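In what follows, a structure is listed as C-alpha cells, so that the remarks can point back to it.
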Amino acid sequence: MKKYLFLCLAIIAFLLQSCDETPKTSVTATERFADSTFDDHSYSNLKLIRTKHLHLDIDVNFDSKTIYGVARHEMINSGTDTAIFDIKGLEIQKITLGRDKEEETDFVIGQWDEDSLLGQPLMVTVTPKTTHVNIYYKTTDKTEAIEWLSPELTTGKKHPYMYTQGQAILTRSWIPCQDSPANRITYSAKVKVPKDLLPVMSAENPQAKNAEGVYDFQMKQAIPCYLIALAVGNLSYKKLGPNCGVYSEPEMINSCAYEFADLSKMVGAAEKLYGEYLWEQYDLIVLPYSFPFGGMENPRLTFVNPTLLAGDRSLVSVVAHELAHSWSGNLVTNATWDDFWLNEGFTVYFENRIMEELYGKEIADMLALIEFYELEAEMDDISESEHPEDTKLKLALSGRNPDDGMTQVAYVKGAFFLKTLEEAVGRKKFDSFLKSYFKEFAFKTITTEHFVDYLNSTLLEPNNIKFNTNEWIYKEGLPSNCVKIQSARFDQVQLLADRFAAGEDIFAKKVTYVKVKGRRKKKKVVEQLTRDQYITQEWQTFIRKLPADISVAKMQQLDKSINFKNWGNSEIMTEWYVLGINNGYEDIKPNIEKFLIKVGRRKYLAPIYKALTKRPNDLEWAKGVFDKAKGSYHFVSKNSIEEMLYK
Ligand code: BES
Ligand code: ZN
C-alpha cells in the first residue's frame, strides 16, 4: 500500500514537472527547436534536463540473450531534482550520480502495462547540479528492439547474430534513454562480444575482428536516440569506394559487392544535389532475412534487408533512399512522430532525384509512378478506415503507435508535395532552396511548422508564388494540382496485360522472315517474350495491370510461361502471391509458405498475410504458417502480423 502511494506521488510529481513550460536557462538555437515541441511519445522531461552525450559500456551475451552494462548520461541540467528517462522491458539494477566518484541514488519506475506503447517513465532523483547519471541495466525477453538469431537463421549457419531496430520508439527497450527525436546526443560505446563475432554500430566502425572481443565506438555528430544501432555477427567487410563499403556474413559478401557496386557513385550524386555528405563514412550492412525493413538509415551504417540482393541491381533505390536520409532525417530530423513526413517525404523525393542522376529520367519516373499507384491504393484504404485523418501529412498520433504513421502518405504524398512545389517554382530554384534548407537546419530537429515558415520566407514569398501548402499539409486527400507522371514504357506494359487478359498468348513464338541485303532467301527470325525484355518494375506493373479477378487457369498459364511464382525477386513474388490468394490459386501455397518462412520484411509479409485473412480457410492456413515462421521474425513484424491474424 505504502509503495503504491509513493508511486502515485511520484507520478503526480512527474506530471506536474512535464507541464512546466518555462526553461530555466537561456537556450541555444538547437534547444529552441526542441523546446517548442512536446513529444507525446516520450516521458522524458527534456526541457528541464537532457542528455548531451551517452556512453554505453555493455556486454552482449548470446547465451542469455541479454545486453547488460551501464548507460552513462552526461546531461545538461537546468536545475531540476528529477531526471526522467524512457524504458520499456528493461531491468534497472542501480543508478548512480557523478563522473569520477559515483554515488547511488533513488529512482522510481512507473507502472508496467503489458499493452503499453511507451513503456515506463524512469524517474531518477538528482540534485540541481547533477550532470552525470549512470544507469546500470539489463535487457530482458520483453526487449522489443533486439532480435537474437540462432545460427540456423543466418546464411553461414555457424554463428549467432543479433541486431537492433530503434525507430520509432524502440531504443528505450535496449538502452534507458530520453527517447524523443526532439533531443540530439553524441554517443560512444565500449562493447564486449564473443571473440568470433564482430560488432558494428551507427558510429565509427572496426573493419575486422580483434583478439579481445572488446570494441570502442564513437559517434561524434549529434543524433536522435532512434538512430543508435548495433549489429553483431560473423561479419566481413568489403570496401566499395574511398568512403564506402559493405558488411555482411562472408558467404554473401561478393553478392553484396556486386549488387551495390554503384554505392560510391550514389554518394557523389547525392552530394552534387544537396551538399556535402557530413558523416564521413557511408557503409551498408546486409542483415539476415528477418530484418523487418528494406532499409534503416542508421548514420554511417545503413542496415538493409538481403531481399535487396536481387542479382540484377534492380532494387538499389532502397539504398538511394537510405542514403538520402543522411540529409533528410539524420541531418534535419522530425521533432515529433507527427512530423514524420519531414523525414520520409523529403527522402522519397531525394531518392528519386538520385535515381534520376544515376539511371535517367525514364527509370526514375517509372519508380515514382509505382509509388504513386501505391499511394492511391493506400489513401483509399485509409479514407475508409477508422482514422481517415491519417491522409494528412501532419499527423496527430497522440495515444497511438507512431508506426501508424508509416504509410505511403508520409512517404509518397510527402514526395509528391515536393515534386509539385518543384514544378511550381522550377527545378533550379527548388534545388537551391533544398540545399539551403539542409544547411540551415543541419543537426537540428524541426516541426512541420518550422518548415512551412522557411518555405514561405525563403522560396514562395520572394518569388511571389501562391501555393496551396496548407491544403497539402493539413487537409485529407490529394490536392488536385498534384504532379502527374507519365511513363510510355508502363503504357506498353498495360497493353501487354490487356492483350493477355483478352486471351492472346503473349508468350507464343512469333516467326517472321526478314530480307537480308545481298541474299536471295529471307532470314527466319523467331521472337518470344522473355523475362529479360522488361525490367523488374515493368513486370511488377504488368502483374498489377492484370484483371483483379483473373482466373486460376490464366495464372497457371503465366507461371508455366514465365514462372512468377519462383521469380526470385521479392517485389514481384509478393505482387504475384497477393493476386493468387485473392483468386484462389491454390497451387502456389507451398511457394508462399516458403517465402513467408524465409523473409521477415514487413512490407512483404503484411499484404500477403492480409490477403490471407479474407477467407476462413486461408486464415487458418496463414495462422499455421505464422506459427512456424514467427520464431524468426523481429518483434516489429511479428506484432503487426499477429494483430492482423488475431485481432
Ligand atoms: N526509416 C525507415 C524505416 C522505418 C520507418 C522504421 C519508421 C521504423 C519506423 C526507412 O528509411 C524506410 O523508409 N525504409 C523503407 C524503404 C523504402 C521506402 C525505399 C522500407 O523498409 O521499406
Ligand atoms: Zn525512409
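Basis for what follows: all heavy atoms, side chains included, without hydrogens, waters or symmetry-related copies. Remember, it's a predicted structure, so these values are computed and weren't measured experimentally. As the structure lists them, so they are numbered: ligands from 1, and atoms in each ligand from 1.
Per-residue contacts place M406 under 4.0 angstrom from the following atoms of ligand 1 (heavy atoms of the residue considered): 3 (C), 4 (C), 5 (C), 7 (C). The ligand atoms of ligand 1 that sit less than 4.0 angstrom from a heavy atom of Y411 are 2 (C), 5 (C), 12 (C), 13 (O), 18 (C). Heavy-atom proximity to F340, at under 4.0 Å, picks out these atoms of ligand 1: 5 (C), 7 (C).
For atom 22 (O) of ligand 1, the closest heavy atom belonging to the protein is R601 NH2, 3.1 Å. For atom 2 (C) of ligand 1, the closest non-hydrogen atom of the protein is E344 OE2, 3.4 Å. The protein heavy-atom contact nearest to atom 16 (C) of ligand 1 is E322 OE2, 3.6 Å.
Of the listed residues (G294, G295, P292), the one carrying the non-hydrogen atom nearest atom 10 (C) of ligand 1 is G295. Of the candidates H321, Q165, Q167, E297, it is H321 that places a heavy atom closest to atom 19 (C) of ligand 1.
A donor-acceptor pair is defined here as one N or O able to donate and one able to accept, closer than 3.5 Å; no such pair exists between the side chain of K598 and the backbone of L596.
Of the options T336, D179, D86, N183, a side chain to side chain donor-acceptor pair (under 3.5 Å) to S42 is made by D86 and by none of the others. Looking at T448, T445, T333 one by one, the single match for side chain to side chain donor-acceptor pair (under 3.5 Å) with D339 turns out to be T448.
Between F416 and W341, the distance separating the two ring centers is not shorter than 6.0 angstrom. In this structure, F350 has its ring center closer than 6.0 angstrom to the ring center of Y274.
At least one cation-pi condition fails for R602 and F293: the charged atom is not both under 6.0 angstrom from the six-membered ring centre and inside a 45 degree cone around its axis. For the pair K545 and Y373, the cation-pi test (distance below 6.0 Å, angle within 45°) is passed.
Residue E344 approaches the Zn ion (ligand 2) most closely through its N/O/S atom OE1.
For ligand 1, the polar-atom distance check against H325 finds a nitrogen or oxygen pair separated by under 3.5 Å.
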